[in-house]
Protein chains: 2
Amino acid sequence: MTTDVHVRDLRYFVAVAEELHFTRAAEKLYVSQPALSKQIRALERQLDAELFRRDRQGVALTAAGAALLPYAQRVLAVWAEGAAALAEVGAAERSTLVVGMSTSPGRGGLLPAIRSRFTAARPEANVRLRQVSWDDPTAGLADGAADVAFVWLPLPDAERYGWTVVAEEPRLVALLDTHPLAARAEVDFADLVDEPFLALPPDAGPLRDHWLALDERGGQLPRIGAEIASTEETYEALVAGLGICLVATGNAHLITLGGVITRPVHGISPSRYALAWRREDGVRPLVRAYAEACRLVAPMRSADSP
Amino acid sequence: MTTDVHVRDLRYFVAVAEELHFTRAAEKLYVSQPALSKQIRALERQLDAELFRRDRQGVALTAAGAALLPYAQRVLAVWAEGAAALAEVGAAERSTLVVGMSTSPGRGGLLPAIRSRFTAARPEANVRLRQVSWDDPTAGLADGAADVAFVWLPLPDAERYGWTVVAEEPRLVALLDTHPLAARAEVDFADLVDEPFLALPPDAGPLRDHWLALDERGGQLPRIGAEIASTEETYEALVAGLGICLVATGNAHLITLGGVITRPVHGISPSRYALAWRREDGVRPLVRAYAEACRLVAPMRSADSP
DNA sequence: CTACGCTGATAACCAATGGCTATGACGACG
DNA sequence: CGTCGTCATAGCCATTGGTTATCAGCGTAG
């Protein structure tokens, strides 16, 4: 036998104990009097104890009922506290937007501009930025670590996400200043196809392919010089001569440090940088507001999904 | 919407939170894993909060779950305390027998004898004696104030009670020593029919009739000199000359104080004194044991009801 | 003294709940 | 690559918790 009760039954019990009157208690509880009677009897049966004595002159607590009453009240109080705490957490979570990103979006104050527009529209909201490792091309959307994220298109499982493009940038090639091609002001992708490339982790899926420019190779597989999972690794790998890599114009400054230069590349498509969200979150007010702020700040042609 | 939960669901929640593993928690709780899953989801839906995050690497508490956990544990603890308190009261009540009586049964140590037999058979039991006013002929059985009671037969609502006779005693007449009949050693009831009688309260029903010897009056109503509700009142009414009254042999000594005497009466039936109980209590171990002790101590022919 | 009103209890019914078994989806791992 | 182990889902059924309608006891007002 279980000794568990429904908290509702304790509410009923306390109400009757306080009113000492079933009909009045039932009104206060917004249930019918028979329902209350039945529940109290069921409680008495379950606890194997007579809680009330009903006789001519109304209703009275028995010894068992009197013993139980303070505990029932404490249970109700504790549970009310717990529910309040839960509501508080819920409110805080609902008012916090987590923005995922791999490297900082940079791009001339993009993030502060979005942020100020967003907080103007939603002053009560909090924004948390979250750095996500490069092996997650969704920058935290997939596992729920982020509510919205700055990502490179295309996304894997594209049908699960909505997005709005914030920048479209030509891809450059990054290489050592001692590389034979470094002498040219611009290079053609055809000159790069046999070079060893630095690649994202295999987990990155279509994104890895994109930065290897797989589409532009006509089915011929690239040589992989190394795998990289951060800006620093990329720079070190370049300097070590493990390979070359493509990089978005807006990110070029991150690696053009000592010995590394970038050059425009002909023959490959530009990259699209976007703010993305899980499709089912498209209705959340904070998500909508953040996406709207992005559109206003970076008014590209919107490739949103409906 | 109600925010009430079933305590069971909190048990489930706490178990999963502690195990961080549905299947193991389900085993510990002796329910199937789907049932547990369903209940947790229902709880989450009811509270409108995600309590657990289920992903690849198992189950983890969310912020909401972590916030709720301590309250859930406190609710369980408080309720466990309450249930324990209730059980304690229940045990105490179950081991206590309340014996109702109007005046003390007296009769040469009847009560101590019964008590010692009873406690020999049920050492764990407590006996509480309870004095009940004369206007309740069931001496507390009717309103639950007593579990068993020493009463005079016949009882009102006789079908509701079982009993065992402990004494059968001739009725005496009590009167002042200055009364004309006081000179006789014995009197005939016919000599008393026109005397004013002291009577029990009307509430006493058949018992009042019995002590007025209504059956022996052939339909002629008695004169009522006064109504009495205690030994002291009876004595005072006798001394005041308000009337005479019948009294059981075993009770004679209670009122034969200064100026009051008793005389045997011919022509009326004796009285039967019994231990009675509510019929539905006939199965309770303590009630059975007490009745058995009565039978052993006062081995009258038993008029028990089955 | 009867008729009424108010008490809590009961009956009959119905939707929702809570449990079960069987099965599915999916990642981990040999 | 198949199998195992995880949690989720589906379909089923008994129990629960609510409803309205009605009853039985009892005090009280005509």
Side-chain angles (χ1 to χ4, degrees), chain A residues 1-13 15-47 50-62 65 135-136 142-144 156-157 160 202-203 205, chain B residues 1-13 15-17 19-47 50-62 65 142-144 156-157 160 202-203 205 280:
Chain A
M1 98 157 193
T2 104
T3 174
D4 290 334
V5 280
H6 203 302
V7 169
R8 179 198 46 237
D9 292 347
L10 296 185
R11 262 196 316 121
Y12 288 3
F13 165 64
V16 175
E18 284 172 350
E19 293 286 331
L20 293 179
H21 195 289
F22 278 75
T23 307
R24 270 200 304 278
E27 281 171 15
K28 255 174 107 173
L29 295 167
Y30 301 105
V31 295
S32 67
Q33 170 267 318
L36 182 58
S37 268
K38 195 157 107 171
Q39 288 305 94
I40 294 291
R41 296 203 91 80
L43 183 62
E44 290 179 317
R45 190 159 32 79
Q46 180 190 353
L47 299 178
E50 206 183 17
L51 300 175
F52 297 103
R53 170 128 331 200
R54 298 90 155 154
D55 51 19
R56 8 245 159 269
Q57 320 300 30
V59 176
L61 273 174
T62 61
D135 55 11
D136 178 5
D143 62 2
D157 287 334
R160 296 182 51 201
D203 287 349
Chain B
M1 98 155 193
T2 100
T3 174
D4 290 335
V5 279
H6 202 302
V7 168
R8 179 199 45 236
D9 292 347
L10 295 184
R11 263 198 314 122
Y12 288 4
F13 165 64
V16 175
E19 293 287 330
L20 291 179
H21 195 289
F22 278 74
T23 307
R24 270 200 305 278
E27 280 171 15
K28 256 174 106 173
L29 295 167
Y30 301 106
V31 296
S32 68
Q33 169 268 318
L36 181 58
S37 269
K38 195 156 107 172
Q39 290 304 94
I40 295 290
R41 296 203 91 79
L43 183 62
E44 291 180 317
R45 190 158 33 78
Q46 179 190 352
L47 301 178
E50 205 183 17
L51 299 175
F52 297 103
R53 169 129 330 201
R54 298 92 157 153
D55 50 19
R56 7 249 159 264
Q57 319 300 30
V59 176
L61 272 174
T62 61
D143 62 3
D157 288 334
R160 296 182 50 201
D203 287 349
E280 70 266 24

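Here is how names work: the chains are called A, B, and so on, in the same order as the sequence lines, proteins then strands, and each is numbered from 1.
- Nucleic acid contact for A:Tyr12: sugar-phosphate only, since backbone atoms but no base atoms lie under 4.0 Å from a heavy atom of the residue.
- The 5' end of DNA chain C is approached more closely, in terms of each residue's nearest nucleotide, by A:Val59 than by the other of A:Val59 and B:Arg45.
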| task | Take B:Arg11 and B:Leu29 through the test side-chain contact (heavy atoms from CB on, under 4.5 Å) and record every step on the way to the result. | result | CA-CA 8 Å; B:Arg11 263 198 314 122; B:Leu29 295 167; 3.9 Å; yes
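- Atom CD in A:Gln39 sits roughly 13 Å away from atom P in C:dA9 (whole-Å rounding).
- Put simply, B:Ser37 has a side-chain N or O that comes within less than 4.0 Å of OP1 or OP2 on D:dA8.
- Across the protein-nucleic acid pair, A:Leu36 atom CG and C:dA9 atom C1' stand 12 Å apart, rounded to whole Å.
- One interatomic measurement links the two molecules: CZ of B:Arg54 to P of D:dT9, which rounds to 9 Å at whole-angstrom precision.
- Look at CZ on A:Arg8: it is 15 Å from P on C:dA16, rounded to the nearest Å.
- The nearest pair of heavy atoms linking B:Ile40 to B:Arg54 is CG2-NH2, 3.8 Å.
- Put simply, CG on B:Asp9 is 6 Å from P on C:dG18, counting in whole angstrom units.
- Of the candidate nucleotides C:dT7, C:dC20, D:dA8, C:dT7 has the atom lying nearest to any side-chain atom of A:Thr23.
- Across all strands, A:Ser32 comes closer than 4.0 Å to base atoms (heavy-atom distances).
- The residue among B:Lys38 and B:Arg24 whose nearest nucleotide of DNA chain D lies closer to the 5′ end is B:Arg24.
- Closest to the side chain of A:Val31, from the set D:dT19, D:dC7, C:dA9, is D:dT19.
- We find that CZ of B:Phe22 is positioned 20 Å from P of C:dA25, with the value rounded to whole Å.
- What separates CG of A:Leu51 from C1' of C:dG8 is a distance of 16 Å, to the nearest Å.
- Ionic pairing of B:Lys38 and B:Glu44 is not present here: no N-O contact between side-chain nitrogen and carboxylate oxygen is shorter than 4.0 angstrom.
- A donor atom on one side chain and an acceptor atom on the other are not found under 3.5 Å apart for B:Glu27 and B:Thr23.
- Between A:Ala35 and A:Val31 the shortest heavy-atom distance is CB-CB, 4.5 Å.
- The distance from atom CG of A:Leu43 to atom P of D:dG18 is 12 Å, rounded to the nearest whole Å.
- Residue B:His6 is out of contact with every strand shown, counting any heavy-atom pair closer than 4.0 Å.
- At a threshold of 4.0 angstrom between heavy atoms, the contacts of A:Gln33 include nucleobase atoms, whether or not backbone atoms are also involved.
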